[in-house]
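These notes are about the structure you will find just below.
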Amino acid sequence: MKRLFLLVSLLVLSKFSAQTWATEDQYIQKFAKYAVEEMEKYKIPASITLAQGLLETGGGQSRLALEGKNHFGIKCKEDWTGKTMKHTDDAPNECFRVYDDPRQSYEDHSIFLSTRKYYANLFNLDMKDYKAWATGLKKAGYATNPRYASILIGKIEKYKLYEFDNISSKEVLYAVLKMYPNLKDDRAFMAQLEPEKSTRKTKDPVIIEVPYKQTSYAQQQKRVERIKTKAEMLNSILIKSHPNDGLKYIVIPEDTNVAAIAKKFKISESKLVKWNELEGDALHKNDIVFLESKNSAGNTATYKAEAGEDMHDIAQKFGIKLNKLYAKNRMDEGQRPSPGQLIYLIDRKPRN
């Protein structure tokens, strides 16, 4: 009887083990959606992001991921003002970024790649060419491991992560279910699909914090709407690549300020002011804001100034430092161009 009981127990355990998945599979099930969302916003292949997350966190089990919700091993750097933790990596007790939520880590990873000049060439690659992206990351110095590219490619092909490069954030959970059919018995996972069905035509909700003030209900509701609108506006901003050597920039969708943009992209206010030669904190709808230092010359030889434009407008339009633009055109600081005036963007204006 004891032998029979033992045999049945072993069979049950064997069946149970066969239905459980490895840590890396569980990581894919949980974080594939974040990778696809970031692909839509920043044009980084979801397969690459997810493979990097798998590798950096050891399938979500690393200390940085568990304690700091840091999934990509991003260190503090000089521009980080958030929470930090010490962790031994290339050297003892290095400073790493800490996030409140893994989704923040995913977006910070996207911002990290899209705003640093040594990764600019990646964004000229085909977004579905994961092999080229993996090789490009290694070439740009993302990791010191000489096998980094082949490891990423191995992860992508082992788990067919390339399939996530061809779907939208609204379809990603169904793609995960197709990869892992046994998830149909997972109530928590299946519960996520119900909201997907009912909100396919709506945008993902924006989580906002409303500081409390003792005021009337109507006033507080107006305040909530203002903050909600601002949060949605910031969430809609996409980083673009400028024709002038791929400089990273954004276009302001609604009136805002430097502080809000600095917080969104984790860049100091002083750098944004310096790079964009701003005289104040205010930013207006359709303003061009660069997320890195502009170049000393443009990508086209000349430009005819339009009515109402000043030299700062032209400098922003073509990604040129304002003082260089004045010098090229033999103009004094503050001098305005005439409508139709030929503005030199690469070479210096010839003497009359």
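Below, all heavy atoms of this structure are taken into account, side chains as well, without hydrogens, waters or symmetry copies. This one's a predicted model, so the numbers in the text were calculated from it and none came from an experiment. Count residues from 1 along the sequence.
Using a 4.5 Å cut-off on side-chain heavy atoms (C-beta onward), Leu152 and Gln52 make contact. Contact of the Leu137 side chain with the Leu113 side chain is registered, since non-hydrogen atoms from C-beta on lie closer than 4.5 Å. Thr49 has its side chain out of reach of Phe164: every pair of non-hydrogen atoms, C-beta onward, lies at least 4.5 Å apart. Lys75 has its side chain out of reach of Arg97: every pair of non-hydrogen atoms, C-beta onward, lies at least 4.5 Å apart. Using a 4.5 Å heavy-atom threshold, the side chains of Lys43 and Ile239 count as separate. Residues Tyr27 and His71 meet the side-chain proximity criterion, which asks for heavy atoms closer than 4.5 Å.
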Test salt bridge (Lys or Arg N to Asp or Glu O under 4.0 Å) applied to Lys33 and Glu38, step by step: CA-CA 9 Å; Lys33 184 173 183 179; Glu38 294 306 305; over 6 Å; no
Trace of the side chain to side chain donor-acceptor pair (under 3.5 Å) decision for Tyr162 with Lys128: CA-CA 8 Å; Tyr162 47 77; Lys128 295 181 181 179; over 6 Å; no
Glu37 vs Tyr106, side chain to side chain donor-acceptor pair (under 3.5 Å): CA-CA, chis, key distance, verdict: CA-CA 9 Å; Glu37 288 172 349; Tyr106 268 75; over 6 Å; no
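Checked against side-chain contact (heavy atoms from CB on, under 4.5 Å), Asp313 has the following partners two or more places apart in sequence or in another chain: Glu309, Asp310.
Looking at Tyr130 and Asp165, their side chains never bring a donor and an acceptor atom within 3.5 Å of each other. A donor atom on one side chain and an acceptor atom on the other are not found under 3.5 Å apart for Lys321 and Asn295. Side-chain contact of Gln29 with Tyr180: a donor-acceptor pair under 3.5 Å is absent, judged by distance alone.
Counting heavy atoms of neighbouring residues, nucleotides and ligands inside a 6.0 Å radius, atom NZ of Lys184 exceeds 12 of them. Atom NZ of Lys41 has more than 12 neighbouring heavy atoms from other residues, nucleotides or ligands inside a 6.0 Å radius.
For the pair Lys248 and Phe123, the cation sits on the ring face: its NZ or CZ lies under 6.0 Å from the ring centre, inside 45° of the axis.
Taking both residues in full, the closest heavy atoms of Leu283 and Ile252 are given as CD1-CD1, 4.1 Å, listed atom of the first, atom of the second, then distance. Taking each heavy atom of Lys155 and Leu55 in turn, the nearest pair found is CE-CD1, 4.4 Å. For the residue pair Asn244 and Gly298, the shortest heavy atom distance occurs at ND2-CA, 3.6 Å. In terms of heavy-atom proximity, Lys86 sits nearest to Asn93 at CD-O, 3.5 Å.
Using cut-offs of 30° and 60° on the angle between ring planes, the pair Phe112 and Tyr142 is perpendicular.
When each of Phe72, Trp80, Tyr34 is tested with Tyr99 by the rule ring pair (Phe, Tyr, Trp, His ring centres under 6.0 Å), just one qualifies, namely Trp80.
Atom CG of Leu247 sits about 11.0 Å away from atom CH2 of Trp275, to the nearest 0.5 Å.
Hydrophobic clustering, with ILVMFWY side chains joined whenever heavy atoms are under 4.5 angstrom apart, groups Leu161 together with Tyr174.
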